[in-house]
Number of protein chains: 2
Amino acid sequence: MSSKDGEVTSKGEQTRTRIVDAAMTLLEERGYDGTTMRAVADAAGVSLGNAYYYFASKEHLVQGFYDRLQELHATAAAERLPGVDGLGARFATSELAFLDAAGRYHRFAGKMFAVAADPSSPLNPLSEASTPARDASTQIMREVVRGSTVRADARVLEELPDLLWLAHLGVVLFWVYDSSPDQRRSRLLVTKASPVLERLVGLTRWRALRPTVNELLDLVAELGGRSAGR
Amino acid sequence: MSSKDGEVTSKGEQTRTRIVDAAMTLLEERGYDGTTMRAVADAAGVSLGNAYYYFASKEHLVQGFYDRLQELHATAAAERLPGVDGLGARFATSELAFLDAAGRYHRFAGKMFAVAADPSSPLNPLSEASTPARDASTQIMREVVRGSTVRADARVLEELPDLLWLAHLGVVLFWVYDSSPDQRRSRLLVTKASPVLERLVGLTRWRALRPTVNELLDLVAELGGRSAGR
DNA sequence: CGATGTTCTTGAACACGTTCAAGAGCCCGC
DNA sequence: GCGGGCTCTTGAACGTGTTCAAGAACATCG
């Protein structure tokens, strides 16, 4: 693949990194629209065409940012989770970690989200290209569930990480649209909703609710974690 | 407003309509990206700049399409709802009406959705510009609830139209990402989920669930129907 | 060393969404 | 009729994301 040896940073890889670094700086400085491919190329010291040699599109370039945000979330969550017990508290911890990590990028989160919402975009959370990012995210939720002392219906317990991932998407959605200062309302949502979530999960052990719970789970299972894809 | 009399179609209004018509035809024929502003202007028999006199942006133009789709949904739902009794059945009827009306545009629904997902877009369901469309949509849900024989907790009953609107957004979301032939899975979702939804609503009358239900409603109320906006 | 194929780089070009100054058409009061 | 102020219309221009043919730099093999 490379000329030299097993060294990770071939010439091309270095250029690629320079481009991503330039892009991240500009994204934070000028937002999505302000970050033109020409500006990125200039800042990275390469020609416009060269940037396209490494990244098929602006969206592919932005995915680099997206992946890094995911990492920040995973790291922060792993740091804070130990010692936290209840399911609700653990979920809240994870989500607050996300809000802290993502806060500085909130101003262009909307644009990012819009780009990601396109099913044909590589940034789409359900797309092939972001399978790693999605897996990393559900992994966090698995950790949230595993360390908790929650009791629930067995099937629910099994599906819980995926369900929490959906809840996380909901939080992200709310956060993206949150125009309150410092996104306080998003934090409010997380702290208020988490106990309710825990209570709901606990309720699934009730005999009388079993049929309804099973109906719900069947529904989720049948429609598949991979949403509506074939 | 117009030169003539109370006639609805002034010169400008006619041109505006011609442009929207051209846009809808092209959207169905060529998809979102294929529908260039130049092509729309050509098809409508006006200059490019003229199209921008009537629509501030491509997104605003597409909103014309969006509004019409909403109308089609409302009309179709109003046609089919009479005689349908249960809440689940009524919701399913409304949603299937939507799926039928929207089906032909599914191929570019993703792009539309992506554009709409941008908080700064006029197409965004929570934006100022789409207040009418949103109201029209919740109106359908009010009708779904009003005609039904559902029994539920009083507060739930009051919030139900808004909650069903959220459920509708969920259906739309699923549909957008539905790549199954003829979007069969979306229809499956609607037919399977509607009875579960009815059952859940019915459960809210249980004494034992009252605290949890109230917690949930408080949460929804506090965070506001207008999502995270101030 | 020299030839050959691969990787990397360039700048020009294209179509697009959008803006804008300029003008055409129209209506009203005089 | 005619001036003045609207509404409506135009075409050129700008900056954008993206493509592409061409060449430079480099690696590999004889």
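Keep in mind that this is a model prediction, so the values were computed, not measured. Every chain is numbered from 1, with letters handed out A, B, ... down the list of sequences.
Toward the 5' end of DNA chain C, the nearer of the two residues A:Arg38 and B:Met37, judged by each one's closest nucleotide, is A:Arg38.
Remark: P of C:dA15 and NZ of B:Lys58 are 16 Å apart, rounded to the nearest angstrom. When rounded to the nearest whole Å, the span between NZ of B:Lys111 and P of C:dC16 equals 14 Å. Here C:dT18 presents its P atom at 10 Å from CG of B:Leu61, a figure rounded to the nearest Å. With rounding to whole Å, B:Glu13 atom CD is found 9 Å from D:dC8 atom P. In this structure, OH of B:Tyr32 is placed 15 Å from C1' of D:dG17, rounded to the nearest angstrom. Rounded to an integer number of Å, the gap from B:Phe55 CZ to D:dC8 C1' is 14 Å. Rounded to a whole Å, the CG atom of A:Leu48 is 15 Å from the P atom of D:dG15. Straight-line distance from the CZ atom of B:Arg16 to the C1' atom of D:dT7: 13 Å, rounded to whole Å.
Using a 4.0 Å cut-off, no side-chain N or O of B:Tyr54 falls inside it from OP1 or OP2 of D:dT7. Using a 4.0 Å cut-off, no side-chain N or O of B:Tyr53 falls inside it from OP1 or OP2 of D:dT9. Taking side-chain N and O atoms only, A:Thr15 has a distance below 4.0 Å to OP1 or OP2 of C:dT9.
Here the straight-line distance linking atom OH of B:Tyr54 with atom CG of B:Leu61 works out to 13.0 Å at 0.5 Å rounding. Annotation: the span from B:Thr36 atom OG1 to B:Leu48 atom CG amounts to 8.5 Å, rounded to 0.5 Å.
Nucleic acid contact class of B:Ser47 (heavy atoms, under 4.0 Å, all strands): base.
Cation-pi geometry between B:Lys58 and B:Tyr52 is not met: the NZ or CZ atom fails to fall both under 6.0 Å from the ring centre and inside 45° of the normal.
Under the 30°/60° scheme for interplanar angles, the aromatic rings of B:His73 and B:His168 are found to lie parallel.
The listed nucleotides are D:dT18, D:dT16, C:dC8; the one nearest the side chain of A:Asn50 is C:dC8. Closest to the side chain of B:Thr36, from the set D:dT18, C:dC16, C:dT18, is C:dC16. Listed nucleotides: C:dT10, D:dT18, D:dT10. Nearest to the side chain of A:Val46: C:dT10.
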Query - Worked check of salt bridge (charged side-chain N to carboxylate O under 4.0 Å, His left out) between B:Glu71 and B:Arg68 - result: CA-CA 5 Å; B:Glu71 277 174 42; B:Arg68 263 198 218 178; over 6 Å; no
